[in-house]
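Have a look at the structure below before the remarks.
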Amino acid sequence: NPSAATNKAVAKLFPLFFALGVFLTLAYYVLDHPNPKNLDQKNYWFNNGYPYVHYSSHLEHCLALPMVLLHSLTLTSKSGAPRSESALARMSFATLWYRR
């Protein structure tokens, strides 16, 4: 059973966990996966004895977004999660700031 201090720390760090999980999945599938150099490198390893190189790349990156979404559904006010709209406003501002 996690302690109250651990629950509070996880709730405080949740925006970081969420941002990293979303970024990891989206950045991989937008930037790295369709990159021709990356595909050439994976095909090289596929042809040189690593038959699961394409699957392993997906497994490394595809689960981050669903896991942080699932984690967001488990946070409650008892775990120290912020209940106010200000947390949503801060996250929205940060998202829009980095998007510019």
Side-chain angles (χ1 to χ4, degrees):
N1 243 349
S3 68
T6 303
N7 282 342
K8 192 171 185 177
V10 168
K12 291 272 186 200
L13 292 172
F14 172 73
L16 175 65
F17 299 154
F18 189 83
L20 289 174
V22 170
F23 175 77
L24 179 69
T25 300
L26 296 181
Y28 174 73
Y29 285 105
V30 170
L31 301 172
D32 196 39
H33 182 67
N35 186 338
K37 289 182 182 177
N38 183 34
L39 292 174
D40 290 343
Q41 189 175 32
K42 285 182 186 174
N43 287 331
Y44 169 81
W45 288 112
F46 180 79
N47 294 327
N48 287 292
Y50 293 92
Y52 302 110
V53 69
H54 296 285
Y55 298 116
S56 65
S57 296
H58 289 293
L59 288 175
E60 275 185 288
H61 299 95
C62 73
L63 295 177
L65 181 59
M67 290 308 292
V68 295
L69 290 174
L70 186 62
H71 181 218
S72 70
L73 295 174
T74 64
L75 286 178
T76 64
S77 60
K78 292 179 183 177
S79 65
R83 291 184 292 166
S84 68
E85 289 79 20
S86 65
L88 179 60
R90 285 191 306 260
M91 289 289 293
S92 300
F93 176 77
T95 303
L96 291 174
W97 176 264
Y98 285 108
R99 211 175 151 201
R100 59 181 180 103

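Positions are given from 1 along the sequence.
Atoms OH and CG, on Y52 and L59 in that order, are 12.0 Å from each other to the nearest 0.5 Å. Residue L26 holds its CG atom at 9.5 Å from CG of L31, rounded to the nearest 0.5 Å. Distance check, rounded to the nearest 0.5 Å: CZ of F14 to OG of S72 gives 4.5 Å. In this structure, L24 CG and L20 CG are separated by 8.0 Å, a value rounded to the nearest 0.5 Å.
Contact detail for G21 and A64: the closest heavy-atom pair is O-CB, 3.6 Å.
A heavy-atom distance below 4.5 Å is not found between the side chains of Y55 and E60.
Not a single ring-ring contact (aromatic ring centres under 6.0 Å, His included) links Y44 to another residue, sequence neighbours left out. Among residues two or more places apart in sequence or in another chain, the side-chain contact (heavy atoms from CB on, under 4.5 Å) test is passed with F17 by V10, L13, H71.
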Which side-chain N or O atoms in residues 33-41 pair as donor and acceptor under 3.5 Å with protein atoms at least two apart or in another chain?
| unit_1 | atom_1 | unit_2 | atom_2 | d |
| --- | --- | --- | --- | --- |
| H33 | ND1 | Y28 | OH | 3.4 |
| N35 | OD1 | K37 | N | 3.0 |
| N38 | ND2 | D32 | O | 2.8 |

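In summary, the aromatic rings of F46 and H54 are positioned with their centroids under 6.0 Å apart. Here H58 and Y29 bring their ring centres to under 6.0 angstrom of each other.
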Under the side chain to side chain contact (heavy atoms under 4.5 Å, CB included) criterion, do Y50 and S56 qualify, and how do the steps go? CA-CA 10 Å; Y50 293 92; S56 65; over 6 Å; no
